[in-house]
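We count ligands from 1, going down the list as the structure has it; atoms in each ligand are counted the same way.
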Amino acid sequence: MPVITSIADLKRLHQRRSPKMFYDYAESGSYTEQTFRDNTDDFAQIRLRQKVAVDMSGRTTASQMIGQPVAMPVALAPVGMTGMQSPDGEIKAARAAEKFGVPFTLSTMSICSIEDVAAHTTAPFWFQLYVMRDQDFVAGMIERAKKARCSALVLTLDLQILGQRHKDLKNGLSAPPKMTLRNFIDIATKPRWAFGMLATPRRTFRNIVGHAKDVGDISSLMAWTNEQFDPQLDWGKVQQIKDAWGGKLILKGILDEDDARRAADFGADAIIVSNHGGRQLDGALSSIRMLPRIVAAVGDRVEVHMDSGIRSGQDVLKALAMGAKGTYIGRSYIYGLGAMGEAGVTKALEVIHKELDITMALCGERDVANVGRHNLLVPKGFEGEWA
Ligand SMILES: Cc1cc2nc3c(=O)[nH]c(=O)nc-3n(C[C@H](O)[C@H](O)[C@H](O)COP(=O)(O)O)c2cc1C
């Protein structure tokens, strides 16, 4: 059993144990991957302010996101095809999140269905919706999420059209993988993954197959997905979804102050400052760089969350100190899942929690609620003058 001390360790194991096409799917950004790199590089530019001779006993990372208690303000972000990183991946990740006391967000593009996850967990999870042209299908998804007692709907606004990721095209990404000679050789070297997949019936997009019209098998599904994301999604449609859902609503993919103001006027319960982990608009600024402006614009009117680039508890602390009330991890838990299944997701959460806790202590803070800009050393001009 390897000794895991960091998210980077989990990433190395993930690469070794999951088929190349799925590791590559996770570990890529769109086009030149500039935004993907900036997301992590910009976190590294921010430094922490050391404080000494402060009583650091009785520390707590417990907090709330949209009024729900969380063991730390870190949720699992919606990630498509999670069930291809590890057999039954969404169920494993949801269970790890439940045990840890943080929210799990199920993607529309998941392998395990809403019902699969609900049947294997007891804590309510969050459901992420992609808006499709097929309105009956969208209405059906919302009803299914209600029936599964999902406690928030996360509506993703930054993917009406797919940002190109070169590796996915080159690898012929599909779920399940096609049995070409190249894939066969690759999978033969990943026996744990292969046997696990043979043992589960969950190998395709089960939120969609059997629920949307004219989608009986995977080959038509891929065509259907490309055709089906709704390019006409606008604030009017967002309002319709809000009305149909009627519960807590989180708008994901806000990276602009005007959009943030619009979202706050609209009455969202929270917004997620996000560039989709650098997977959509390559050339957009990193989330951590945009976060302070958005907090300044709307932080008193709507709960501001952030994701994109978090690889450690230090990063979580930096995001909170910059004004986020909650954060999400995508790849950081996917590495854990691909490395060691449910135990790997737990490990990722433990690593991040411990780093957050110790960093808080060394910064002289005992309660995560008190973390603020005073804990940071931010280089002058970090936010940049962009015209
Ligand atoms: C492999 C992968 C698949 C993703 N799929 C979805 C998705 O289905 N829906 C969604 O809203 N966001 C999706 N995202 C974006 C994540 O929710 C999140 O915004 C992003 O991973 C944050 O960046 P990080 O990976 O650097 O933490 C995906 C991200 C990755 C890495």
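- Ion pairing between Arg289 and Asp42 holds under the 4.0 Å rule for side-chain N and carboxylate O.
- Applying the ring-ring contact (aromatic ring centres under 6.0 Å, His included) rule to Phe127 yields no partners; only residues at least two apart in sequence or on another chain are considered.
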Which pairs of N or O atoms, one from ligand 1 and one from the protein, are separated by less than 3.5 Å, and what is the distance for each pair?
{"from": "ligand 1", "atom 1": "5 (N)", "to": "Gly80", "atom 2": "N", "distance (Å)": "2.9"}
{"from": "ligand 1", "atom 1": "8 (O)", "to": "Gly80", "atom 2": "N", "distance (Å)": "3.3"}
{"from": "ligand 1", "atom 1": "8 (O)", "to": "Ser107", "atom 2": "OG", "distance (Å)": "2.7"}
{"from": "ligand 1", "atom 1": "8 (O)", "to": "Tyr130", "atom 2": "OH", "distance (Å)": "3.4"}
{"from": "ligand 1", "atom 1": "9 (N)", "to": "Gln128", "atom 2": "OE1", "distance (Å)": "3.1"}
{"from": "ligand 1", "atom 1": "9 (N)", "to": "Tyr130", "atom 2": "OH", "distance (Å)": "2.8"}
{"from": "ligand 1", "atom 1": "11 (O)", "to": "Thr156", "atom 2": "OG1", "distance (Å)": "2.7"}
{"from": "ligand 1", "atom 1": "11 (O)", "to": "Lys252", "atom 2": "NZ", "distance (Å)": "3.1"}
{"from": "ligand 1", "atom 1": "12 (N)", "to": "Pro78", "atom 2": "O", "distance (Å)": "3.3"}
{"from": "ligand 1", "atom 1": "12 (N)", "to": "Lys252", "atom 2": "NZ", "distance (Å)": "3.0"}
{"from": "ligand 1", "atom 1": "12 (N)", "to": "His276", "atom 2": "NE2", "distance (Å)": "3.3"}
{"from": "ligand 1", "atom 1": "14 (N)", "to": "Pro78", "atom 2": "O", "distance (Å)": "3.3"}
{"from": "ligand 1", "atom 1": "14 (N)", "to": "His276", "atom 2": "NE2", "distance (Å)": "3.4"}
{"from": "ligand 1", "atom 1": "17 (O)", "to": "Pro78", "atom 2": "O", "distance (Å)": "2.7"}
{"from": "ligand 1", "atom 1": "17 (O)", "to": "Lys252", "atom 2": "NZ", "distance (Å)": "3.0"}
{"from": "ligand 1", "atom 1": "19 (O)", "to": "Lys252", "atom 2": "NZ", "distance (Å)": "3.1"}
{"from": "ligand 1", "atom 1": "19 (O)", "to": "Asp307", "atom 2": "OD1", "distance (Å)": "3.4"}
{"from": "ligand 1", "atom 1": "19 (O)", "to": "Asp307", "atom 2": "OD2", "distance (Å)": "2.7"}
{"from": "ligand 1", "atom 1": "25 (O)", "to": "Arg331", "atom 2": "N", "distance (Å)": "2.9"}
{"from": "ligand 1", "atom 1": "25 (O)", "to": "Arg331", "atom 2": "NH1", "distance (Å)": "2.9"}
{"from": "ligand 1", "atom 1": "26 (O)", "to": "Gly309", "atom 2": "N", "distance (Å)": "2.8"}
{"from": "ligand 1", "atom 1": "26 (O)", "to": "Arg311", "atom 2": "NH1", "distance (Å)": "2.9"}
{"from": "ligand 1", "atom 1": "26 (O)", "to": "Arg311", "atom 2": "NH2", "distance (Å)": "3.2"}
{"from": "ligand 1", "atom 1": "26 (O)", "to": "Arg331", "atom 2": "NH1", "distance (Å)": "3.2"}
{"from": "ligand 1", "atom 1": "27 (O)", "to": "Gly330", "atom 2": "N", "distance (Å)": "3.0"}

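- The ring of His211 has its center no closer than 6.0 angstrom to the ring center of Phe137.
- Looking at Glu143 and Lys146, a side-chain N of the basic residue comes within less than 4.0 Å of a carboxylate O on the acidic one, giving a salt bridge.
- Partner of Ile91 under the side chain to side chain contact (heavy atoms under 4.5 Å, CB included) criterion, out of Asp116, Ile111, Thr200, Thr82: Asp116 alone.
- The aromatic ring centres of Trp235 and Phe266 sit less than 6.0 Å apart.
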